[in-house]
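Let me begin by presenting the structure, written as structure tokens, before commenting on it.
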Amino acid sequence: MASLRLPGSKSMTARALVLSALAGGPSTLAGPLRARDTELMAGALRALGAHMSIADDDRWLVRPHPLVGPAHVDVGLAGTIMRFVPPVAGLAEGRITFDGDPQARTRPLGPLIGALRSLGVRIETPATGTGSLPLTVFGAGRVTGGEVVIDASASSQLVSGLLLAAPRFDRGVVVRHVGPPVPSAPHLRMTVQMLRAAGAAVDDAMPDVWVVEPGPLAGRGWEIEPDLSGAVPFFAAALVTGGEVTLQGWPRSSAQPVEQLRSLLQRMGGDVTLTTEGLTVRGTGTVRGIDADLSDVSELTPALTALAMLADSPSRFSGVAHIRGHETDRITALAREFTALGADLTESEDGLEIRPRPLRGGTFRTYHDHRMAHAAAVAGLAVPGIELDDVSCTSKTMPEFPALWSAMVTGKS
């Protein structure tokens with residue numbers, strides 16, 4: 001039995017930082033995530049003029065200030081920064097450049113660039129522009145706003161980025177999505193909830209249409225929930241070992257997709273309960289295979305794939321074609337690395353088919369992707385000799401992961 005207190009949600013921390021930088025007064029973040037992605041987000045907003053005090057791990061203070069350039073934004077490998085900050089940069093006065101890790105240049109940005117241009121933001125990309133980094137925003141100190149049509153099927157962040165800055169646009173924004181379904185719908189609901197909590201008027205009653213009225217954002221205190229995506233490998237461990245894992249400090253009402261996770265873990269053989277102690281998952285030692293559409297919870301795909309490798313029957317995961325454009329092509333990477341360990345699985349266009357059989361040890365490559373490291377950790381609970389080529393990639397969203405995992409496995413805090 002293990003009881004853990006995990007760092008704050010990356011998704012909530014990133015959104016709270018952006019809304020706080022655009023607010024009319026100071027804000028605090030209680031329990032924020034300190035990791036590479038969130039520190040780079042704080043650095044990006046600081047470069048544009050916001051005052052950030054993040055020395056205290058438990059409480060960050062943001063004081064808004066007029067947004068100005070020139071500035072350079074290092075996005076690292078974070079989709080939140082490359083998609084949330086360019087709309088903010090349009091509100092600044094001056095030239096703001098964006099670039100990041102080499103892999104970041106492969107992540108899709110074209111729909112956001114096109115949308116911002118149609119809303120009156122001047123953006124330059126390389127002559128060979130493929131709708132990705134690097135890019136330069138020439139901020140005019142204001143954005144006209146208005147109505148925009150976008151294909152956000154590659155990432156819900158393409159919509160969230162527009163919505164977060166929209167209250168500061170002269171005319172607000174009407175975003176209409178046209179194309180295949182937008183993935184990760186719970187993250188869009190989180191964006192809308194947090195905008196409303198900051199005082200914005202948002203109408204999302206019509207499917208695939210979001211309307212944000214222009215108006216001030218209020219500074220406030222943000223209580224950041226523990227990171228549900230980061231908790232999944234620990235919960236998976238309970239199923240693999242037949243043990244019990246409790247995530248402390250889980251709120252009764254959450255902006256994260258708890259019900260989807262609860263359903264998936266229960267179908268795979270776990271028991272999930274929420275009490276005053278936290279969110280607890282118990283396993284029986286038997287893992288069941290499932291057929292599941294993971295489009296709403298695609299971040300869970302790597303850990304659930306590892307879990308499915310150890311199940312008593314085949315699994316099929318679908319609805320996650322967009323994760324081919326994440327930190328790496330996660331579908332191909334999972335298939336390649338688990339096949340090298342003896343697994344029987346097949347890639348589909350939008351997911352994986354997994355037929356469990358005994359695995360062997362070996363080196364598991366992460367491709368600089370924290371979720372790949374999580375998958376290897378889960379599989380390693382049942383398969384001796386699995387070695388990660390790079391555990392440091394977990395610092396992207398959870399620097400404490402190696403220590404927390406070791407403490408759970410050994411029972412030593």
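Just so we're clear, the structure is a prediction, and the values are computed from it rather than from any experiment. Below, each value reflects all heavy atoms present in this structure, side chains not excepted, and no hydrogens, waters or symmetry copies.
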Taking the ring centre of each residue, are Phe401 and His374 less than 6.0 Å apart? yes

Could you go through Arg36 and Asp101, starting from their C-alpha distance and side-chain angles, then the distance that decides it, and tell me whether this counts as salt bridge (charged side-chain N to carboxylate O under 4.0 Å, His left out)? CA-CA 12 Å; Arg36 186 183 185 223; Asp101 297 357; 2.8 Å; yes

Closest non-hydrogen atom pair between Ala311 and Gly289, with its separation: CB-N, 3.6 Å

Give, for atom CH2 of Trp60 and atom OG1 of Thr13, the distance between the pair rounded to the nearest 0.5 Å. 6.5 Å

Atom pair CG/CG of Leu67 and Leu45 - distance to nearest 0.5 Å: 8.5 Å

How many angstroms lie between atom CG of Leu239 and atom OG1 of Thr286, to the nearest 0.5 angstrom? 9.5 Å

Value rounded to 0.5 Å, distance of CG in Asp344 from CD1 in Ile354: 10.0 Å

Ion pair check, Asp312 and Arg288, cut-off under 4.0 Å: no

On the 0 to 90° scale, with breaks at 30° and 60°, tag the His51-His65 ring pair as parallel, tilted or perpendicular. parallel

To the nearest 0.5 Å, how far apart are NE2 in His322 and OG in Ser155? 7.5 Å

Let me see the working for Arg196 and Asp204 under salt bridge (charged side-chain N to carboxylate O under 4.0 Å, His left out), right down to the final yes or no. CA-CA 11 Å; Arg196 288 172 175 158; Asp204 63 344; 3.1 Å; yes

Take Arg316 and Asp291 through the salt bridge (charged side-chain N to carboxylate O under 4.0 Å, His left out) test and state the conclusion after the steps. CA-CA 5 Å; Arg316 179 178 177 272; Asp291 188 328; 3.7 Å; yes

Flag for Thr191-Ser160: side-chain donor and acceptor within less than 3.5 Å: yes

Residue pair Arg171, Glu147: steps toward the salt bridge (charged side-chain N to carboxylate O under 4.0 Å, His left out) verdict: CA-CA 9 Å; Arg171 295 165 50 197; Glu147 186 166 337; over 6 Å; no

Residues Lys396, Asp37: salt bridge by 4.0 Å N-O rule: yes

Verify whether one side chain among Glu347 and Thr332 offers a donor that lies under 3.5 Å from an acceptor in the other. yes

Would you say that more than 12 heavy atoms from the other residues, nucleotides or ligands in this model lie under 6.0 Å from the CZ of Arg63, or not? no

Gap between atom OG1 of Thr280 and atom CD of Gln248 - 0.5 Å precision: 9.5 Å

